[in-house]
Amino acid sequence: SQQGEEDPQALSIQEGENATMNCSYKTSINNLQWYRQNSGRGLVHLILIRSNEREKHSGRLRVTLDTSKKSSSLLITASRAADTASYFCATVGRGSSNTGKLIFGQGTTLQVKP
Amino acid sequence: EAGVAQSPRYKIIEKRQSVAFWCNPISGHATLYWYQQILGQGPKLLIQFQNNGVVDDSQLPKDRFSAERLKGVDSTLKIQPAKLEDSAVYLCASSRGQGSNEQFFGPGTRLTVL
């Protein structure tokens, strides 16, 4: 079974607005990663946050991690139509730190309207 | 650098037929992964190679799926015989080594089993 659950399953916003996606997971992790998947394209790595980190930024992306609640959030600020995609969180379990095995959530589909 | 290459991009077969997918990872990447992504779900790891050795194949349906990575570079994933529930996108990914933080994904092969 997959590790994570993402919320919401689908999100529709206007260009310029912020988008927030949440991810919950079940077991202790080494790190948590967010990936983006455009229609017809492969997955692209966005950002990684380690279990001892609480917040991380990359451009318009902000990721938070709360290990006590086993949850993470991805915030995309000032969204653009090009941000339309599916977003997946993926975890590397503490027992999988040597192999880097990723377990993906179900994903959030984001639509940004021009 | 060139990305992960996969072929074919699309394949339609009848149930009980055989099919093979090919993957060429990024040059120098020691670790190669095959994922299955069913529509509406996140990718699920099928098998992970480190060079030409199998690291994890715990979720590979070994009665019908097989994979190899001869010479530690290219890899093939085979399904024989295919079932309707094998309809999915098969993603190949590579990373520099085990435990590496980021995986680089190919565009995937969309398989339809009729």
Report task. Among residues two or more places apart or on two chains, list those pairs meeting disulfide (SG to SG under 2.5 Å) that have a residue in residues 37-83 of chain B. Result -> none
Query - CA sep, side-chain torsions, deciding dist, call: B/Tyr35, A/Leu102, side-chain contact (heavy atoms from CB on, under 4.5 Å) - result: CA-CA 10 Å; B/Tyr35 291 85; A/Leu102 283 173; 3.8 Å; yes
Requested in this report: Please answer: with hydrophobic residues joined when any side-chain heavy atoms are less than 4.5 Å apart, are B/Val89 and B/Ile13 in the same cluster?
Outcome: no
Query raised in the report: In terms of heavy-atom contacts, does CZ of B/Arg64 have more than 12 from other residues, nucleotides or ligands at under 6.0 Å?
Result: yes
Query - Closest approach of B/Gln37 to A/Phe88 (non-hydrogen atoms, all atoms of both residues) - result: NE2-CZ, 3.5 Å
Query raised in the report: In residues 47-57 of chain B, which residues are in contact with chain A at a heavy-atom separation under 4.5 Å?
Result: B/Gln48, B/Val55, B/Asp56
Requested in this report: Please test A/Gln33 against B/Gln103 for side-chain contact (heavy atoms from CB on, under 4.5 Å), starting from the C-alpha separation and ending with a verdict.
Outcome: CA-CA 10 Å; A/Gln33 304 176 33; B/Gln103 295 183 22; 5.8 Å; no
Report task. Start with the C-alpha distance between A/Lys101 and B/Ser58, add both sets of side-chain angles, then the distance that settles side-chain contact (heavy atoms from CB on, under 4.5 Å), and finish with yes or no. Result -> CA-CA 11 Å; A/Lys101 177 178 179 178; B/Ser58 57; 3.8 Å; yes
Query raised in the report: If Ile, Leu, Val, Met, Phe, Trp and Tyr residues are connected whenever their side-chain heavy atoms lie under 4.5 Å apart, and connections chain through other members, are B/Val113 and B/Leu91 in the same group?
Result: no
Query - Single-linkage hydrophobic cluster B/Leu45~B/Phe21, side-chain heavy atoms < 4.5 angstrom - result: no
Query raised in the report: Considering residues, nucleotides and ligands other than B/Lys62, do more than 12 of their heavy atoms fall under 6.0 Å from its NZ?
Result: yes
Report task. Report yes or no: do B/Leu60 and B/Leu70 belong to one cluster of Ile/Leu/Val/Met/Phe/Trp/Tyr joined by side chain heavy-atom distances under 4.5 Å? Result -> no
Query - Cluster check A/Ile29, A/Leu46: I/L/V/M/F/W/Y, side chain < 4.5 angstrom - result: yes
